[in-house]
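Just so you know, these numbers come straight off a predicted model, no measurement behind them. Chain letters run A, B, ... following the sequence lines, proteins first and then strands; every chain starts at 1.
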Number of protein chains: 2
Amino acid sequence: MTNQTPGATDALAEAVTGADDELLRSGRDAAATRRALVRAARRRFATDGYRATTVRQIAADAGVNVALINRYFVSKDGLFEACMLRTSDELDTRTPNPATSIDDVIARLVAHVVNAPDGDDPLQLLLLLRSSGDENADRIRRRTLEHFTQRLAAAAGWDADDPDTAPVLLRAQLAIATMLGVVMLRTSAAVQPVASADSDDLNGPLGQVFRVLLADPDH
Amino acid sequence: MTNQTPGATDALAEAVTGADDELLRSGRDAAATRRALVRAARRRFATDGYRATTVRQIAADAGVNVALINRYFVSKDGLFEACMLRTSDELDTRTPNPATSIDDVIARLVAHVVNAPDGDDPLQLLLLLRSSGDENADRIRRRTLEHFTQRLAAAAGWDADDPDTAPVLLRAQLAIATMLGVVMLRTSAAVQPVASADSDDLNGPLGQVFRVLLADPDH
DNA sequence: TCGTCATGTAAGCAGTCGCTGACTTGACGA
DNA sequence: TCGTCAAGTCAGCGACTGCTTACATGACGA
């Protein structure tokens, strides 16, 4: 089962990096096609889930022929994996570094839940809760979440060499769980009142939760 | 599109109430068959999601012929709807009443997340995050979550006539979001360390979160 | 001008899905 | 003993799924 389609070997790496384009207008640009597919797929996978999303939908959203999904990403699973890597990458570049204050970290977490610079960022968080059943994609997902946990713990000012680092990681992960749960209720279930709550409504209580979980009492 | 199959009109109501049976041994008992189907379906829907679950899987799990799903629940969506109602019912009977202390309420919430009396209770919580795409089932889901929010707020000792009841409901909903997020990370993604954390590990931090969200400062 | 190859297209295959309709089986009262 | 009907079985239908294959198109160097 070696890779026979030309350009498919590095397709994943290429599609993961680089900025998103709008819907493809004219073809004959493989890189742009791959980006358009990943962009469309991430939206669909995040909102509808893996199984409910069809490759024909994704292709139509991207304005691209269906067969190109298999050409560039080998399979639907391959495209899903590329989406995971892309989200993992974005999460990495956006987590605040340890230099920032705890209040700033918390503020950015809340902002991440409410809305984000490019519009559909909370949805991308949901991708971390979707499973394709593919073992490889699931491993990436798990690794991304655990990596995010460590970076968040570090950003909160915790030392990785701390003897009791395990409970610290657990606390950071509970904060992530809260984020994911809130985004779920807001977008997937549209439950009131949290679905229509704005930044002002959420800042207080969410900030308290994150502070309880992440703030070092010694700070 | 009126109901033509005998017994299908009250099938939903009957299947929702009553205790679960084990896998069906010998047939000729419509009520038991319905219960076995709902029981098997709830497990599958909660763990694998709606689309990834096939009616043949459910029927096999229940030890029942596939066609009976359509006979008793009209459609796959109908069975899903019955599962929702069932979960809604269980959630209602299990939420503590306002008489209990806030500490007791919090302890029960944590227990709900970690594990439950009958074994797979946290999984049933996940059903509230699954969507079938069917409008009716989604409405039940939303209503169940909002009802659960109100009962939790009441159990925490908040007055429904409180002038600022909206932020109270929001706080209760954030607690529910945290529960759902944690269960998601534990069961669906199997992310460490939260996935292997036991009651002792979770009691402290989760209790703090729930207390911050639910505890009335005037109490 | 022509050969080459990356890029994109069109049609369809094999499999699975939810669901249906005609059938059999069994319990039970007259 | 037999008629009746709920309960359950069985084979298969139409639609849709992911994916493949054969082919068309355009850019570009020799």
Side-chain angles (χ1 to χ4, degrees), chain A residues 1-11 14-15 21 23-37 40-41 44-45 48-60 62-82 132-134 137, chain B residues 1-11 14-15 21 23-37 41 44-45 48-60 62-81 132-134 137:
Chain A
M1 201 64 76
T2 53
N3 213 328
Q4 294 159 327
T5 50
T9 27
D10 56 339
E14 247 183 83
D21 283 335
L23 189 137
L24 223 51
R25 293 274 165 243
S26 63
R28 298 278 155 189
D29 184 347
T33 299
R34 286 192 279 259
R35 284 195 298 269
L37 280 173
R44 286 283 185 184
F45 285 145
D48 302 339
Y50 180 80
R51 292 298 277 261
T53 300
T54 71
V55 289
R56 294 179 221 268
Q57 278 180 335
I58 297 174
V64 147
N65 192 279
V66 203
L68 297 180
I69 290 179
N70 299 104
R71 175 190 286 278
Y72 291 132
F73 301 98
V74 181
S75 66
K76 184 188 181 185
D77 265 326
L79 177 55
F80 183 73
E81 198 178 311
S132 72
D134 179 64
Chain B
M1 200 64 76
T2 52
N3 213 327
Q4 294 158 327
T5 49
T9 26
D10 56 337
E14 247 184 81
D21 283 335
L23 188 137
L24 223 51
R25 295 272 164 242
S26 63
R28 299 279 155 190
D29 184 345
T33 299
R34 284 192 280 259
R35 284 195 300 268
L37 280 173
R44 286 282 185 184
F45 285 146
D48 302 340
Y50 180 80
R51 292 298 277 262
T53 300
T54 71
V55 289
R56 295 177 220 266
Q57 277 180 336
I58 298 173
V64 147
N65 192 280
V66 203
L68 296 181
I69 289 180
N70 298 105
R71 176 190 283 278
Y72 291 131
F73 301 97
V74 181
S75 67
K76 185 187 179 185
D77 264 325
L79 177 54
F80 183 73
E81 196 178 312
S132 72
D134 180 62

Got A:Phe80 and A:Asp134 here, is their nearest side-chain heavy-atom distance under 4.5 Å? no
Nucleotide nearest [X] (side chain, heavy atoms from C-beta), chosen from [options]:
| X | options | result |
| --- | --- | --- |
| B:Arg56 | C:dT9, D:dC10, C:dC17 | C:dC17 |
| B:Lys76 | C:dG8, D:dT21, C:dC19 | C:dC19 |
| A:Thr33 | D:dC19, D:dT9, C:dG8 | C:dG8 |
| B:Leu68 | C:dT9, D:dC19, D:dG8 | D:dG8 |
| A:Thr54 | D:dT17, C:dT9, D:dT9 | D:dT17 |

Using atom types as modelled and distance alone, determine if a side-chain donor or acceptor of [X] lies under 3.5 Å from a backbone N or O of [Y].
| X | Y | result |
| --- | --- | --- |
| A:Asp48 | A:Ala52 | no |
| A:Thr53 | A:Arg44 | yes |
| B:Lys76 | B:Tyr50 | yes |

Where each residue is assigned the nucleotide of DNA chain C containing its nearest heavy atom, which of A:Ala67 and A:Arg51 is assigned the position nearer the 5′ end? A:Ala67
Under 4.0 Å between a side-chain N or O of B:Asn70 and OP1 or OP2 of C:dC19? yes
Looking at C:dG18, I'd like to know if its phosphate oxygens (OP1 or OP2) sit under 4.0 Å from a side-chain N or O belonging to B:Ser75. no
For atom [atom1] of [X] and atom [atom2] of [N], their distance in whole Å:
| X | N | atom1 | atom2 | answer |
| --- | --- | --- | --- | --- |
| A:Asp77 | D:dT17 | CG | P | 16 Å |
| B:Asn65 | C:dC19 | CG | P | 15 Å |
| A:Leu37 | D:dG18 | CG | P | 14 Å |
| A:Tyr72 | D:dT20 | OH | P | 16 Å |
| B:Arg71 | C:dG18 | CZ | P | 19 Å |
| B:Leu79 | C:dG18 | CG | P | 11 Å |
| B:Asp29 | D:dA7 | CG | C1' | 10 Å |
| B:Phe73 | C:dG18 | CZ | P | 15 Å |

Rounded to the nearest 0.5 Å, how far apart are OG1 of B:Thr33 and CD1 of B:Ile69? 11.5 Å
